[in-house]
Protein chains: 2
Amino acid sequence: MSASIKDVALHAGVSVGTVSNVMNHPSRVSNDTVAKVQRAISALGFVRNDAARQLRAGESKTIAMMVFDAANPFFTDIARGAEDAAAKDGFSVILANTSESSTRELGYLDLFEEQRVRGILISPYGEVEDRLQALKKFGIPSVLVDRVSNSQVFSSVSVDDVAGGHIAASHLLSLGRRTLGFVGGPLEIPQVGDRLVGAQQAASEYQECSLRVFETTATTVLEGRRIGEAIAAMEPKERPNGLFAANDLVALGLLQALVAANHLNVPRDIALVGYDDIDFATSAIVPLTSIRQPSQLIGETALEILAEEALDPTQPPQKVVFQPELVIRASA
Amino acid sequence: MSASIKDVALHAGVSVGTVSNVMNHPSRVSNDTVAKVQRAISALGFVRNDAARQLRAGESKTIAMMVFDAANPFFTDIARGAEDAAAKDGFSVILANTSESSTRELGYLDLFEEQRVRGILISPYGEVEDRLQALKKFGIPSVLVDRVSNSQVFSSVSVDDVAGGHIAASHLLSLGRRTLGFVGGPLEIPQVGDRLVGAQQAASEYQECSLRVFETTATTVLEGRRIGEAIAAMEPKERPNGLFAANDLVALGLLQALVAANHLNVPRDIALVGYDDIDFATSAIVPLTSIRQPSQLIGETALEILAEEALDPTQPPQKVVFQPELVIRASA
DNA sequence: CGCTCGTGTTGAAACGATTCAATTTCGATG
DNA sequence: CATCGAAATTGAATCGTTTCAACACGAGCG
């Protein structure tokens, strides 16, 4: 169907070895021959078959990135950072969206293992460290993104979520709010769990202060709206006066519901803090106070570490932790 | 480094052909042998080498999807639809973000050609139809997403952007606004250009009505904010009283700037209509009136058409055009 | 003139799977 | 018990590239 290196060799009147050298080690070939071969290549519309190349060469130039919610701008920002860094090192990044499904996550890991990608950047959803260990033994390194390694075996680039949770709750407390609510879930997701722990720590530093947990099934706008409606319907005395959402999507959902129930004012009746500081936080109904993470930088750093490990598999794991930062706007 | 099919055959005491059959045509193999081979596979941790498989089999099960702005929720919604549909047909979707760069777009096309992906779902940024034609001749079909084919050669799944622009502008006009502004760009992007054309058509149906174009360099929140600041700073008599943004990102940027300049009220002084109806439109400072496109459905449909063409390359191109829909909220 | 060296070039082996014609096995049948 | 056919299994050929030992050819040197 399509031209192979053999056809090119024939057309140019040289051997297949020479054609291969033109593409991979041009310095070994005389200028005349290079020109001749290149003419043949474009005449035939030859395109290297990556499968054959990889089979023989044993390594690919593709890096896979897996996130569990590609619709969250926070992750697309990270991906953007990784792509830019990869372009510098000559790698290509392909993205897989695991859509908060462990099954799909494992499915993609299988796919990438079969494809022998050069490395994996992953923001894990399910319990995958065992699987990643197997991949590592197999020769495919991974770097965890936005999450630390339980096993200490993997490099990771993350943000101190406990600190972030602490900052968020402290801010609400410093505004005089004493009946707090945490909205997010599932709590098993470390990012969510850690932020809650940080918030609880902050709460324990104050007397007569409560922190109630509203667990969601996912960190989405929709789930935020659901909880927001429930909170709007609560008795005033039961209702928290300060809310901390596990991420901005949830916060925006809450905001929608609270504003729609027009007997409530944000921040007067309920102060609200989000997390991630996505672009849309600025333009929310009530511009959102949020915890900013350096998303692009996370992506770049993760890719650089992965590239190092791909080149030298004996590298010890690195652990980079960035500090989050409070961005104050109107909502709290 | 890792076990091959030969090792498995040795360990199980059968031939390589049998191992291959266990994986691809289990019905041809006796139950005992299947069990024996599977035991060997897991004992050795064997993983099929996709490069070798693809080289011999000549076809892959991977479909590539390329979008020029993965940070736009509209595109992630489309991707989501495509992924769900692909899972049904046994394909995997990998995503590439061309980041509004023609260079990167062509680079990914090269990569996917070398990888011999089974097909390409693309929302093109630059002029790529010639390149896609070459790919098609090469055996890789593509389906255009959110854009029709100039050459009529490719299937496409899109939304009638001229109609959408018409609906948006008509809505503003029906509210009595007569000095309109269109914000978006570059105008060469068909989605943007068509929406403008539709708006101009609507404007031409009214007397004494003006439509001014504010061109942006990209359809982002940032660019929207930039134009919004400029508009806020205009003399009241020059200022448009109805704005139509090429997409919701731009609209949200505009909104931010207009609200920040607190002498202006949306919609009283300026009515605003966006496009795409992304999730965040509902939770904007002023909930956004927008033009809804059936994003997930677009993704599903595109993937199904692509799958058909991948199986039968002689299929004539199909052209599916969905109709957009006005969603009225507070901003206009 | 014979020898060495360096530069280009060659062609066959190897990568790891799939495929398919050929062969073996085995149960059923006359 | 011999024979037939279906079912199971084998193993060599194949895909398109890269790699590498071997070779060809001059140029330079003693």
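Proteins come first, then strands; the chains are lettered A, B, ... in the order of their sequence lines, and each starts at number 1.
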Legend entry - Phosphate-side-chain proximity, A/H25 and D/dT18, N/O vs OP1/OP2 below 4.0 Å: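 The answer is no; no side-chain N or O of A/H25 sits under 4.0 Å from OP1 or OP2.
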
Inset, instruction - Return the set of residues passing side chain to side chain contact (heavy atoms under 4.5 Å, CB included) with A/L311 (not counting sequence neighbours), or none when no residue passes. - result: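 Partners of A/L311 under the side chain to side chain contact (heavy atoms under 4.5 Å, CB included) test: A/R118.
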
To the nearest Å, give me how far apart [atom1] ([X]) and [atom2] ([N]) are.
| X | N | atom1 | atom2 | value |
| --- | --- | --- | --- | --- |
| B/M23 | C/dA17 | CE | P | 7 Å |
| A/N31 | C/dT7 | CG | C1' | 12 Å |
| A/L10 | C/dG11 | CG | C1' | 14 Å |

Inset, instruction - Check salt bridge (charged side-chain N to carboxylate O under 4.0 Å, His left out) between A/R56 and all other residues, then give those that pass, not counting sequence neighbours. - result: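 Per chain and number, A/R56 pairs via salt bridge (charged side-chain N to carboxylate O under 4.0 Å, His left out) with no residue.
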
Inset, instruction - Using salt bridge (charged side-chain N to carboxylate O under 4.0 Å, His left out) as the criterion, list what pairs up with A/D89, not counting sequence neighbours. - result: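 A/D89 satisfies salt bridge (charged side-chain N to carboxylate O under 4.0 Å, His left out) with no other residue.
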
Legend entry - Contact letters for nucleotides 9-16 of chain D, in which S counts primed atoms plus P, OP1 and OP2 and B counts the base, heavy atoms under 4.0 Å: BBBBBBBB

Inset, instruction - Mind checking ring pair (Phe, Tyr, Trp, His ring centres under 6.0 Å) for B/F75 and listing every partner two or more places apart, or none if nothing turns up? - result: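 Partners of B/F75 under the ring pair (Phe, Tyr, Trp, His ring centres under 6.0 Å) test: B/F68.
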
Inset, instruction - Determine whether more than 12 heavy atoms belonging to other residues, nucleotides or ligands lie under 6.0 Å from atom CG of A/D312. - result: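 Count over threshold, so yes.
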
Legend entry - Side chains of A/Q115 and B/Q115, donor plus acceptor under 3.5 Å: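 Looking only at side-chain atoms, B/Q115 and A/Q115 do not form any donor-acceptor pair under 3.5 Å.
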
Inset, instruction - Report yes if some heavy atom in the side chain of B/N24 is under 4.5 Å from a heavy atom in the side chain of B/R53; otherwise report no. - result: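 The answer is yes, as the side chains (C-beta and beyond) meet within the 4.5 Å cut-off.
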
Inset, instruction - Start with the C-alpha gap between B/R131 and B/E113, add the side-chain angles, then the distance that decides, and say whether salt bridge (Lys or Arg N to Asp or Glu O under 4.0 Å) holds. - result: CA-CA 11 Å; B/R131 190 76 185 71; B/E113 185 175 20; 2.7 Å; yes

Inset, instruction - Estimate the overall bend of the helix from C/dC1-D/dG30 to C/dG30-D/dC1 from the end axes over five pairs each, rounded to 10 degrees. - result: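 One end's axis against the other's: 60°.
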
Inset, instruction - Remember a base hit wins even if backbone is also touched, and classify A/D50 as base, sugar-phosphate or nothing at under 4.0 Å, heavy atoms. - result: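 Result for A/D50 = nothing.
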
